[in-house]
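Atom set for the values below is all heavy atoms of this structure, side chains included, hydrogens, waters and symmetry mates excluded.
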Amino acid sequence: MKIGLSLGGGGARGYAHLGVIRALKEADIPIDLINGTSIGAVMGGGYALYNDVDKFINLVKQVIRKSNINYYNIFHNHSDSQSFLRTWMLEAVCDIASLRSSIQSNRHQLKALRAVFGEHTFADTKIPFSSVAHDLISGKTVIFKKGKLVDGILPSVTLPGIFPPVRHGNRLLVDGYVLANTPVHELRIQGADFIIAVELISTDERPYENGLDLLNGIEDMKQRQLDDWQIAEADFHIKVNFERYTPERFENYETAMKLGYDTTKPVLAELLRMLEKNG
C-alpha cells in the first residue's frame with residue numbers, strides 16, 4: 001500500500017506541515033509519495049529532498065538571513081485566501097502600476113527557491129514528490145514531477161495578481177490553490193492508495209463592513225467549497241486550525257510547527273488503526 005501525503009497552501013502557516021511530518025515520522029508512519037500546492041509544495045519538496053525536518057528548517061533559516069525577504073515572499077503569508085483580494089485591490093488603488101499583471105516580480109521568489117533547492121531535480125528527492133500549479137490558458141491543474149525543483153515549485157507559489165504568471169511552454173501558470181489548494185486528487189492519480197490530507201485553515205471571523213468585504217467573503221466561500229471537494233477524496237484528514245493566529249513573518253515558524261505537531265499527535269492512534277485496516 002502506497003501512503004501519500006498531500007500538503008495544502010496557506011502562506012507562512014505552511015510551517016505547520018513540518019510539525020505534522022515530524023509527528024508522522026515519530027509514529028513510524030511511512031510516506032511513499034508527497035505532493036503540495038503553494039507553501040505546501042515548498043515544504044513538501046524540501047522534506048522530500050532532504051528527508052530531514054531539522055536539516056530543511058535550518059537551511060530555510062539561513063536563506064531568510066541572507067535573502068531580501070518581503071511580505072509577499074514565499075516565506076510569508078501571501079496566499080491567505082481570505083485577504084489576497086483585499087490586499088491586491090488596496091495596492092491597486094494606491095499605485096496605478098499595480099493594475100499591470102502583478103504587484104511584485106518573481107525575483108525574490110526565485111532567489112529563495114534557488115537557495116533552498118539549488119540545481120536539484122525531482123529525480124533527486126528521497127521521496128517521490130510533485131508540485132501543483134494552475135494553467136490560466138487551459139483552466140486545468142498542472143502536475144510537476146520532472147525537471148528542476150525550482151522550475152516546478154515556482155509556478156505553485158505564484159499568487160495571481162501579486163506575482164506575474166510563469167510561462168512554461170504553451171502554459172501560463174499560477175498558484176495551484178485556484179483549483180487545488182489541497183491537491184488530493186492529483187496525488188491519487190499518481191498511484192497513492194491511502195492519502196493523508198493536511199489542510200491549513202483559519203476560523204477567524206471577518207466583518208462585512210463594505211463592498212470589498214463582501215467580495216472577499218464570496219471568494220473565500222468559493223475557495224472553501226473547492227477545498228471540501230478535494231479533501232473529500234482523502235482517506236484521512238488533518239485540519240490545522242490557526243484561529244486567532246496570523247503568521248506573516250518567518251520568525252513565527254516555531255509556533256506554526258508546534259501547532260501542526262500538536263494537532264497531529266492526538267489523531268495518530270486513529271490513523272494507525274485505519275492504516276492497519278486498509279493494509
Quiz item: Is there a side chain to side chain donor-acceptor pair (under 3.5 Å) between H237 and E199 once you walk through the steps?
Solution: CA-CA 7 Å; H237 179 200; E199 181 188 20; 2.8 Å; yes

Quiz prompt | Intermediate values then yes/no, side-chain contact (heavy atoms from CB on, under 4.5 Å), I57 and Y15 | solution = CA-CA 9 Å; I57 204 65; Y15 295 107; 4.0 Å; yes

Quiz item: side-chain contact (heavy atoms from CB on, under 4.5 Å) between L113 and V42: does it pass, once the steps are laid out?
Solution: CA-CA 8 Å; L113 288 175; V42 178; 4.3 Å; yes

Quiz item: Under the side-chain contact (heavy atoms from CB on, under 4.5 Å) criterion, do R273 and E270 qualify, and how do the steps go?
Solution: CA-CA 5 Å; R273 283 194 297 270; E270 180 185 357; 3.7 Å; yes

Quiz item: Given R114 and E119, is the salt bridge (Lys or Arg N to Asp or Glu O under 4.0 Å) satisfied, shown in steps?
Solution: CA-CA 7 Å; R114 284 170 178 162; E119 296 297 310; 6.0 Å; no

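Between F129 and F122, the two ring planes are parallel [angle under 30°; tilted spans 30° to 60°].
Not counting sequence neighbours, the partners of S130 by the side chain to side chain donor-acceptor pair (under 3.5 Å) test are Q190.
When atom types are taken as modelled, the side chain of S38 and the backbone of G40 share no donor-acceptor pair closer than 3.5 angstrom. Looking only at distances, a side-chain donor or acceptor of D124 sits under 3.5 Å from a matching main-chain atom of T121.
Under 3.5 Å, the side chains of N35 and S6 contain a donor-acceptor pair of N or O atoms.
Judged by a 6.0 Å distance limit and a 45° cone about the ring axis, R13 is positioned over the six-membered ring of F242.
Under the 4.5 Å side-chain contact rule for hydrophobic residues, I238 and Y261 do not share a cluster.
Using a 4.0 Å cut-off between charged side-chain N and carboxylate O, D193 and R188 make no salt bridge.
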